[in-house]
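On a predicted model such as this, the values are computed, not experimentally measured, just so you know. Protein chains get the first letters and strands the later ones, always in sequence-line order, with residue 1 at the start of each.
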Amino acid sequence: MAGRNSRHALRAAVLGVLALAAGPAYALGGGGELVIVANQEPQSMQAQVTYKEVNGVGLRNVIEQLTRLDPRTNEVKPMLATRWEQVEPRVWHFELRDGVTFHDGTPFDAEAAAVSINWLWNPENNYSVREMMGPQITAEAVDAATVAVITAEPDPLLPRRIYLGGVTSAKQILEDPASHDVHPIGTGPYVFEEWKQGQYWTATANPDWWGNTAEDPYGEIFFDRLRIVWRPEPIVRAAMVESGEAQVAMFLTKEECGRFDAKDGIKCIVKGSDTFLQFRLDYHGAAPLLADPRFRKAIFTSIDWEGIRLNLMGLGEALQGQMLPSVATGFHDGIRQYPYDPAGARAIVDELKAGGADIPSVHVSTRLGSTPRNGEMVEAMGAMLTSVGIPNTVAVEEPGVFNPRAVSKPTPERAYAWLHVQANPLMDYGATFGAHFSCGGIVSVFCDPDFDARVAEAASMTGKERHEALRALVKEGHDRYVVAPVGLLQRAYGVPEGFAWEFGPDHRIVAVNMRMN
Amino acid sequence: MAGAAGTARHPAQGERAGAVLREPLLEVEHLVKHYPVRGGLLRPGGGKVVRAVDDVSFVLHRGETLGIVGESGCGKSTLSRAILRLTEPTGGRVRFAGEDLLQLSRREMRARRRHLQIVFQDPFASLNPRMTVAQIIREPWSIFKGVVPRPEWDRRTAELLVQVGLSPDDAHRYPYQFSGGQRQRIGIARALTLNPKLVVCDEPVSALDVSIQAQVLNLLAEIQEKLGLSYIFIAHDLSVVRHISDRIAVMYLGKLVEIGTWQEIYETPAHPYTQALLSSVPVIEPEARGERIILKGEVPSPLAPPSGCRFRTRCRKAAAVCATEEPVLETRGAVGHLTACHFAAPREY
Amino acid sequence: MAASSSVSRPGTTGEERQARVTARDLAAALARDWVVLLAVVFLVVLVAAAVLAHLLMPYDPLLPNIFAGRRPPFSETRGLDGGVQLHLLGTDALGRDMLTRLVYGARASLSVGVVAVAVSAVIGTTLGLFAGFLGGRVDTVVMRTVDAFQAVPSLLVALFVLFIIGGGLVNMVVIFALVRWVVYARLARGITLSYRESSYVEAARSIGATDLRIIFRHILPNMFSPLLVLATLEVALLILAEAGLSFLGFGLKPPEPSWGLMIARGREYLREAWWMITFPGLAVFLTTLSLNLFANWLRTITDPVQRWRWLI
Amino acid sequence: MIGHGLGGYFVRRLLGSAIMLLLVMSAVFFADRQIGDPARMVLGVAATEEDVRELRERMGLEDPLWVQYRRFVLGMVQGDLGDTFRYGISKPFAHGGMPESRKTLPIAAERLPATFVLGGVTIVFAILVALPLGIYAAMRPRTAGDRTVNVLSLAGVSIVEYWFALILILVFAVQLDWLPTSGYGTPAHVILPALALSLRPIGRITQIARSSMLDELAKPHITAARGRGVPITRIASIHALKNAAIPIVTTIGDETVNVVTGVIIIETVFGWPGIGALTVDALAIRDVPLIEATIFLLVLIVLGINLVIDLAYMALNPRVRLR
C-alpha cells in the first residue's frame, strides 16, 4: 500500500500549498474539502428533511435547530436557543442566541424563529416530520430574543422534540417558498452552495458562523468545503474511501467494516443509532383472520428474529421484544423478543385451518436501500412463513411505491406487513406510540381508540408516573402482536485512518465534529 | 389423332408426325399485361406502366404446338404466365376449352390448373431443393385428390420417371443429385402428373447444354405424340422451336409481329424482325439464308416504346409511316399469313 | 453441383449448400471445432440440468438456512433437517446452496429466454411471412409497425412497460415477446420476398397449390436455419436483458432463483463473498457465450455467404 | 427523380421521425394513465380528497382525456412536457395552497451533455478497437488469431455489463488505484464507465467488420489487386474497407442505440449524472411527468442516431435509394 500512502502524501502536500496560496479567510478551517458519499440523493432540501439523517445527508451543516443532543450523554443542549423554560403547561419560552444571522444576511430573531417553527409543523404543509410531533406545535414571538412555543396539549418532551425542527430563513419562507425546497438557507457552519441534481450538493465554510466566536460551540470548522455525493452501490461507496475520493462512506456492511479495519490507511467507525429495524403487521387487514390474535401469534413466532438479526441485519443490538432500548422512558424489562417456534406456529395454522378458516396471504415488503440486506431479510421471512403454511409474497419496493404506503393511515384495505427502519431520537415511548400506535398517527399501523386515550393520558405525564403508564402500554402492544422489533441498528462508516468524528446515536453528519489528523 | 389434315390457312406439316386437330383448345384474345411502375411515398410513379404484353391474340388447337419466339425481355414469359394466370393479366380473354379463365375465381382457377401445366426454364430453381423427386411428383396428386388414388402413387411415380427417361430408383433422391438435363426431365414429369391438356414450355432447354437440348426436345415430342397434348413452346431463337412447332408466333416488345405455320415462318418470313432472327440462326447451308441481317441498337425500353411500329427504331425498312401508324397483325398482299408490318414481304435473296 | 455454374439465379447456390447439409455433416463439422463443441456440450448439460433440476438437486432452492449463509465453495453445513450438506459452489446470504439455485435459476432464465423467443418467433415469422407473401397493404402495415418498433430500443420499452404493469416471469415473457417479434418479421419477410418469385414457388402455384400450401411447404422450410440462428442469438440477448431488468428491480421477483436476481443480490457481497456474484455472472456469461458461439457456427455452416445477415 | 435529392429525402425522413416520436409519446401518455391517479401518487395515501382534487386540477387531470392529450401534444411541440411535482420537491402543497412544480424537460435536458460525453467516448473507443481487430481477423481467416478474435468478440457481447462494471471498479479503482471509482468531471472519470459500456459494441463491430471484410476480400477485384502485388494492408484499408463500410456503419448505428439503453444501468452504477441515471431515479420515485420527459429525450436521441446513420448510408452509397 506504499502507492496509496505516497498518493495521500502528495494529495496533502498539494492541498497544503493550495491552502497557503489562498490564505485563510478566517482563523479556522484549512482542512480542505470533505466528501461524504451517501446511499441516496436527497429528495428535497427542505428544513423538515433534517429530522432524518438519511433523507438529507449533511443538511444539518447548513440548517441548525433551537436545541441539540449531546453526542456523549444524549442530553438536550443549547444551540440557537441558549435557555428555555416551561412557563405554562402548554407554553415553553426559548431565549435565542444573540448575533446570529441567516446565510441570506437576515437576522435570526424571535420573529424569524416563529415563522420557521410554524412553517415546519403546519398541518397544511403536512410534512412527514409530523410523525415525530406529539400535540400540535405553534410558535409566536414574545420579544426580539424570546420565542414562545405552544403545544395543543402539555408536552413534557418539547425541548427534545424541538431539536428535530430545522430553522431556516423567514424571508425565504415568506417571499420565495418554492426555493425552500431546493435551496436551504440556515444559520449553520456551512453555507449551501449548489445542488447539482444527480451529482452532488456542496457547501462552503461560513466565516460568520456564530460558533466561531461563541463560548459554547458544538464544534469547530476544520474542513473548508463540504461535498455530498451519493452512490447506491455499497461497494462503490466503500471503494471511494479506499481510493481517497471520499472521506466518509455511509452504511458499510458488517463484513466491509471488518475489512476496512484490517486494511492500512482506512478504518471503520461503528456506533449504535436511534434507528431500529422493525417488522409491522397491519391490524386492519381486509382478512378477518388478521385480527385474530392466534393467527398473529403464528406469524410472529414463525420467524426467527434472532437468526435474522445475527445473520442478516449485520451490525446491531438485540431489542427485548419492544422497539426502544432499556434507556427509553416506558421500557418494559419483563418482556422478551418473540420466540422462534415454527412447530407451535404450524400447530396454530393447522388448528385454524381445521376450524374452517381461510389462511390469507401476507405481503411482506421493504423499501429499496433503507438498510443493508433488507431484501434478504424479507426473503427469509417469506420462506419461514411458507414453511409453517402461511402463504405470502415478498417484495423490495422502490421508494415511489413504498413511501406513500408507509405514511398512510390504517384503512381496511391494508393487509400487509413491512420491514422498515424507524428512528426515535426522543427515546420515549410516548412519541413512538403517537406515531405508530394511534389512530391519527402519520405512520400508524394500529388503531384502537381506547389505547389512544391511554397513550394521550400517559403523554401528558412526567417522570416515574409517565414511565409506568407507558410501560403498561408497551406490554399490551407486545401481547397484541403489532410490531416485531428486529434490532437496534448500528451504523458503520468507512473513513481514512486518522479521521476523528464525534457523534451521538442520532448519527448526524456534522462536519464541525469531524477532523482529519 | 389420325391424319385429319387441316385445310384453310394452316396446312398441316407433312413431315411432322401427328396432325393438328381443328378444334381450338386455347383462344387468347387481346391479352394485355401492364406492370405499374412504383414510386415512393411522396413521389408516385406518375402512372407509368410497362407494357409487357400488349394486345396479343392467337389460337391454339388441340394436339398442336405453338412456338413463341422473341428476344429476351419481349414479354414472351409474361405472356405464358398471363395465360396460366400465374400473373394476373390486365385485360383481354383467355378461353380454355371454351371457358374464359380470366373470369374464374382464384379457387375455380386452381381447379383448372390440372389441365394447364408449365415446364420452367431453369431446372435448378424450379425444383424445391428440400423435396425428393417423389415428393415433387406427388405434390399435385395431394392437391388434386382422386386423379391418382394413393395406392397407385408408387406405381405411377415409377411410370412417369420411366416415361421421362429416369429410373424409378431416382424417386427418393433430391434434385441436387441430378444433372441439369435430368432435372428438366423431373420438371417435365411433374408437368405430366395430372394428365394436362396444355403444357406451356418456357424455354425448357435454354439452360441446358446443347447436347442435352436435343434429348429433352425429343422427349417432349415423344410425349406429345403419345398423349396428344398441346404445347406452347417459348424460345428466344428460332432454331429450337423449329423441330417441335406446328405454328410459330414471333414477338417483339409485347406484341406479336408475325404468326404462321412452320413453313410460312421459316420459308417465307415476311416481317423484317423475323427475317433478322432467322438470319442469325446457324444453318447447314448458309447461302440458303442469304446475307446475315444484323439488328441495330438495343431493344427500346418497354416503359416508353416507340410510337407507331415498335420495331421501327431497329428496322432496315423503316419509313415515315412506321412512326405514325401502328401496323395491324393481318394478312397482306403476297403474304398468306399474319404479319404486323406495313412493308411485309418475303425476303428477297 | 458441377452444372450449377451455368445457373445465374442468385441464391441458388445457397440453397444447394443448405440442402446438402445432413446431420452427419453437422456432427463432423462440430467435432472439428472444439470451441463450439464445448459450447454445445455446455448448453446440452445446462438444459438437461434445468429440466431435471428437481431430480438432480438434493437441496431446496428456496428454503433458507440463515445460520449457514455466505459459506465459500466446498463448505459443509448442517442442514435444517440435521444432515450434513456439501456446497460445491458455496451458499448465498440465506444459506441456500448456490449450485442448486444456479440450476433452478437456469430454469427461470432459460424459460424466460426460450418461451419469449418461441412466442415472438411464431408471431414475427407469421406476420413477416404473410407480409412478404401477400405484399400490398398488409406488407405496408406490418413493415411500418416493424419500423416503428425498431425505432425505439426494445430494452427501454420493456423497462417502461414493466414499470407500468409490474415485473415477474409472465409479464417479462409477454413483454419480450411483444418487443422482439419484429426481428423475426423482418427476417421472415426478407426470405419470403426472395422466394415468393422463385421458380419453384411458381411451379407450385402452377400445379394448383394454395397460398397456405406454398407458404408451409415451399417457403417456411427455407427459413428454418436462419430462424434458428436468430432465435439462438435472441435467447442470449434476452438472458442478458433479464439480468439487466432484474438489476433495476423490474424483472423477476424474489424469491425466484433467477440468474439476474442472483447477480443483483450478489453485488453487495462482491468483496466478502465473491462466489455469490461470480457464479451467476459466469452462468449468464457462459450461457450467452455458448449460444452466441453456436449461433455463429450455425450461420457459417448453413450459409457461408451470410446473405441473410442483412435481414436482421 | 434525383432532383428531389438528398434534401428531399432528409425532409421526408425528418417528418417520419417526428411521426414516430409522436406515436411513441402517445403510447407513453396513455400507458401512464393506467398506473393510477398521478395526483394521489404525488400526495400519498394520507392526503385529503380535497387536496388531491386541487392537485388534479392543477395537473389538468380533471379535463377530458382528449383535452389532456391535445395539451400534451401541443406542449411537446413547444418543448414542454409538463411539470414534476416530486423531483426536488417533496410536498407540493407546502406553500400555502400554491402547488410548487418544475418543468420536467429542462431537468432532463440538463443531463444530456453527460450522457453524450459517455456515449461518444464509448462508441469512438469501440470503433478504434473493433475495426483493427475485425480487419486483422479478416485478413487471416481461420487462423488462431482469427479464432481468438472471434471468441473474444462473442465474449464481449455475452457479458453482463453491470457485473463487468463492478469488476472494473474493484480492479482499476480499488486494487490498482489508477482511476476514480465513479463520478463525473475529469477525463479520468469517463474511462471505467466507457470501458464497461464499450464491450458489447466492440464485440458486435468486430464481428461485422470481420465478416464484411471477408466478403469484400473474396471479391475478384481484390484478388486482382493482390495479383498486381499491392500490399495486403493497403488492399484492406483502401479497396475493401470502402466497400465494407455500409454494414459496419449500420452496426455502429445499432450499437450507438444500444449504448443509449446501456447508460440506464451503467450511469447508475458509476454515479454518472446523465439521462440514464435520471431515468432510474424517476422510475424509483414514480415521477410520471419526469419519466415521460426522459423517455422523450431518449427516443429523440435514438431517432436522431438512426437519421444520421441513414444519411451516412446514403453518402457512402448514393445508389441506394431508401423508401
Under the criterion side-chain contact (heavy atoms from CB on, under 4.5 Å), I'd like the reasoning laid out for C:Asp211 against B:Arg106: C-alpha separation, chi angles, the key distance, then a yes or no. CA-CA 11 Å; C:Asp211 288 353; B:Arg106 279 166 64 91; 3.0 Å; yes
Nearest-0.5 Å distance, OG of residue C:Ser206 to CG of residue B:Asp202: 11.0 Å
So, taking the atom named CZ in C:Arg205 and the one named CD1 in B:Ile118, what distance separates them when rounded to the nearest 0.5 Å?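 One gets 12.0 Å once the value is rounded to the nearest 0.5 Å.
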Is it the case that more than 12 heavy atoms not belonging to B:Arg155 sit under 6.0 Å from its CZ atom? yes
Locate the shortest heavy-atom distance separating [X] from [Y]; write the atom from each residue and the value.
| X | Y | answer |
| --- | --- | --- |
| C:Tyr200 | B:Pro129 | CE2-CD, 3.6 Å |
| C:Ile207 | B:Ile143 | O-CD1, 3.8 Å |
| B:Phe120 | C:Ser199 | CZ-O, 4.0 Å |

Residue part contacting chain C, namely of B:Arg81, when any heavy atom lies under 4.5 Å: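 When you check distances to chain C, only side chain atoms of B:Arg81 fall under 4.5 Å.
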Side chain / backbone / both / neither for B:Leu208 at chain C, heavy atoms under 4.5 Å: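 The answer is neither part of B:Leu208.
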If the contact rule is any heavy atom under 4.5 Å from chain C, which residues of residues 92-101 of chain B qualify, in numerical order?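 Counting heavy atoms that sit under 4.5 Å from chain C, no residue of residues 92-101 of chain B is involved.
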Picking from B:Gln121, B:Glu139, B:Gln117, B:Arg190, which has the most non-hydrogen pairs under 4.5 angstrom with chain C?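 Looking at each of B:Gln121, B:Glu139, B:Gln117, B:Arg190 in turn, B:Glu139 comes out on top.
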Under a 4.5 Å cutoff for heavy-atom pairs, which residue among B:Thr87, B:Asn128, B:Val119 has the most contacts with chain C?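 Ranked by heavy-atom pairs under 4.5 Å with chain C, first place is B:Asn128.
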Just to verify, what does B:Ser230 make a side chain to side chain donor-acceptor pair (under 3.5 Å) with, not counting sequence neighbours?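 For B:Ser230, no residue satisfies side chain to side chain donor-acceptor pair (under 3.5 Å) once neighbours in sequence are set aside.
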Residue pairs involving residues 221-235 of chain C (criterion salt bridge (Lys or Arg N to Asp or Glu O under 4.0 Å); sequence neighbours excluded): C:Arg180-C:Glu234
Just to verify, what does C:Phe42 make a ring-ring contact (aromatic ring centres under 6.0 Å, His included) with, not counting sequence neighbours?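 With neighbours one apart ignored, the set is empty.
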B:Met131 versus C:His218: any side-chain heavy-atom pair under 4.5 Å? yes
Heavy-atom distances under 4.5 Å only: say whether C:Arg213 touches chain B with side chain, backbone, both or neither. side chain
